[in-house]
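Written below as structure tokens is the structure these notes are about.
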Amino acid sequence: QVQLVESGGGLVQPGGSLRLSCAASGSIANYAMGWFRQAPGKERDVVAVITSDGSAQYVDSVKGRFTISRDNTKNTANLQMNNLKSEDTAVYYCYLRTVPTTWGQGTQVTVSS
């Protein structure tokens, strides 16, 4: 069973940037990966997805600000987040589209002045 570990969260001011990383304990090459987020009192929602061959999709609210990438040789995925807004505050979860889905433990992102 592959395990995922996220890192890179923290506190940032509006307009700032953060880079989240997701490290897998096994091979990710054959699976889509992505990031979800869950704000307090809300459901967990998709943020970005990247297929095994590198095709990326984003939720409308982050298009033009966030970039998802992956490195199959290092078994990692990243989420570069620019121009952060207060509404981006949430716990961010990395996932790997295995069966069943593999989730990381989450990393907190807080956007506040």
Side-chain angles (χ1 to χ4, degrees):
Q1 180 74 21
V2 175
Q3 294 183 328
L4 304 175
V5 177
E6 299 103 331
S7 61
L11 172 64
V12 63
Q13 293 185 344
S17 299
L18 283 175
R19 183 177 178 85
L20 304 184
S21 295
C22 176
S25 62
S27 177
I28 65 169
N30 296 323
Y31 305 104
M33 295 188 74
W35 293 87
F36 276 63
R37 64 186 178 187
Q38 187 166 18
K42 295 187 177 181
E43 295 184 351
R44 190 177 297 189
D45 291 326
V46 64
V47 175
V49 178
I50 187 166
T51 62
S52 57
D53 61 358
S55 178
Q57 292 184 316
Y58 303 89
V59 66
D60 285 347
S61 60
V62 308
K63 285 181 180 177
R65 301 189 297 124
F66 290 13
T67 302
I68 188 171
S69 62
R70 64 189 291 159
D71 187 334
N72 290 343
T73 64
K74 297 181 179 179
N75 295 318
T76 58
N78 296 303
L79 186 68
Q80 177 67 42
M81 305 186 295
N82 298 327
N83 191 23
L84 283 160
K85 305 176 181 181
S86 58
E87 52 262 43
D88 295 318
T89 295
V91 178
Y92 283 70
Y93 297 90
C94 174
Y95 83 96
L96 185 67
R97 199 177 291 170
T98 50
V99 179
T101 300
T102 301
W103 293 95
Q105 82 286 355
T107 185
Q108 176 70 46
V109 171
T110 303
V111 185
S112 175
S113 55

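Position 1 is the first residue of the sequence; numbering continues from there. FYI, side chains are in, hydrogens and waters are out, and symmetry mates aren't considered; it's all heavy atoms of this structure.
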Checklist entry - Do L20 and T107 pass the side-chain contact (heavy atoms from CB on, under 4.5 Å) test, and can you show the C-alpha distance, the side-chain angles, and the key distance before you say yes or no? => result CA-CA 8 Å; L20 304 184; T107 185; 4.0 Å; yes

Next on the checklist: I'd like to know whether V62 forms a side-chain contact (heavy atoms from CB on, under 4.5 Å) with R37, so could you lay out the CA-CA distance, the side-chain angles of the two residues, the decisive distance to 0.1 Å, and finally the verdict.
Outcome noted: CA-CA 12 Å; V62 308; R37 64 186 178 187; 4.0 Å; yes

Next on the checklist: Set out, in order, the CA-CA distance, both residues' side-chain angles and the distance that settles side-chain contact (heavy atoms from CB on, under 4.5 Å) for E87 and S61, then state yes or no.
Outcome noted: CA-CA 10 Å; E87 52 262 43; S61 60; over 6 Å; no

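Taking hydrophobic clusters as Ile, Leu, Val, Met, Phe, Trp and Tyr residues chained together by side-chain heavy-atom distances below 4.5 Å, V91 shares a cluster with Y95. Residues I50 and L79 fall within the same hydrophobic cluster, defined by Ile, Leu, Val, Met, Phe, Trp and Tyr side chains chained together at heavy-atom separations under 4.5 Å.
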Hey, can you pull the donor-acceptor pairs under 3.5 Å for the side chains in residues 10-19, sequence neighbours left out?
residue: S17; atom: OG; partner: N82; partner atom: OD1; Å: 2.9
residue: R19; atom: NH1; partner: Q80; partner atom: OE1; Å: 3.3

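Using modelled atom types, no side-chain atom of D71 and backbone atom of T76 make a donor-acceptor pair closer than 3.5 Å. Side chain of R97 to backbone of T51: no donor-acceptor contact under 3.5 angstrom is found. The main-chain N or O of I68 is found under 3.5 Å from a side-chain atom of Y58 such that the two form a donor-acceptor pair. With hydrogens and angles ignored, the 3.5 Å screen pairs a side-chain donor or acceptor of T89 with a backbone N or O of V111.
Contact annotation: the side chain of W103 approaches that of R44 to within less than 4.5 Å [non-hydrogen atoms, C-beta and beyond]. For the pair F66/D88, a side-chain contact is recorded, criterion being any heavy-atom separation below 4.5 Å from C-beta on. Within the 4.5 Å cutoff, the side chain of N78 has heavy atoms near those of the S69 side chain. Between V2 and N75 there is no side-chain heavy-atom pair separated by less than 4.5 Å.
Smallest separation of non-hydrogen atoms from Q108 and A90: NE2-O, 3.4 Å. E6 approaches Q105 most closely through the heavy-atom pair OE1-OE1, 2.7 Å. Across W35 and C22, no two heavy atoms sit closer than the pair CZ2-CB, 3.6 Å. Looking at every heavy atom in both residues, M33 comes nearest to I28 through SD-CD1, 3.4 Å. Nearest heavy atoms, A24 versus L4: CB-CD2, 3.6 Å. Smallest separation of non-hydrogen atoms from P100 and T98: O-OG1, 2.7 Å.
Between F36 atom CZ and T101 atom OG1 the span is 8.0 Å, to the nearest 0.5 Å.
Counted within 6.0 Å of CD on Q57, heavy atoms from surrounding residues, nucleotides or ligands total 12 or fewer; the atom is thus considered open.
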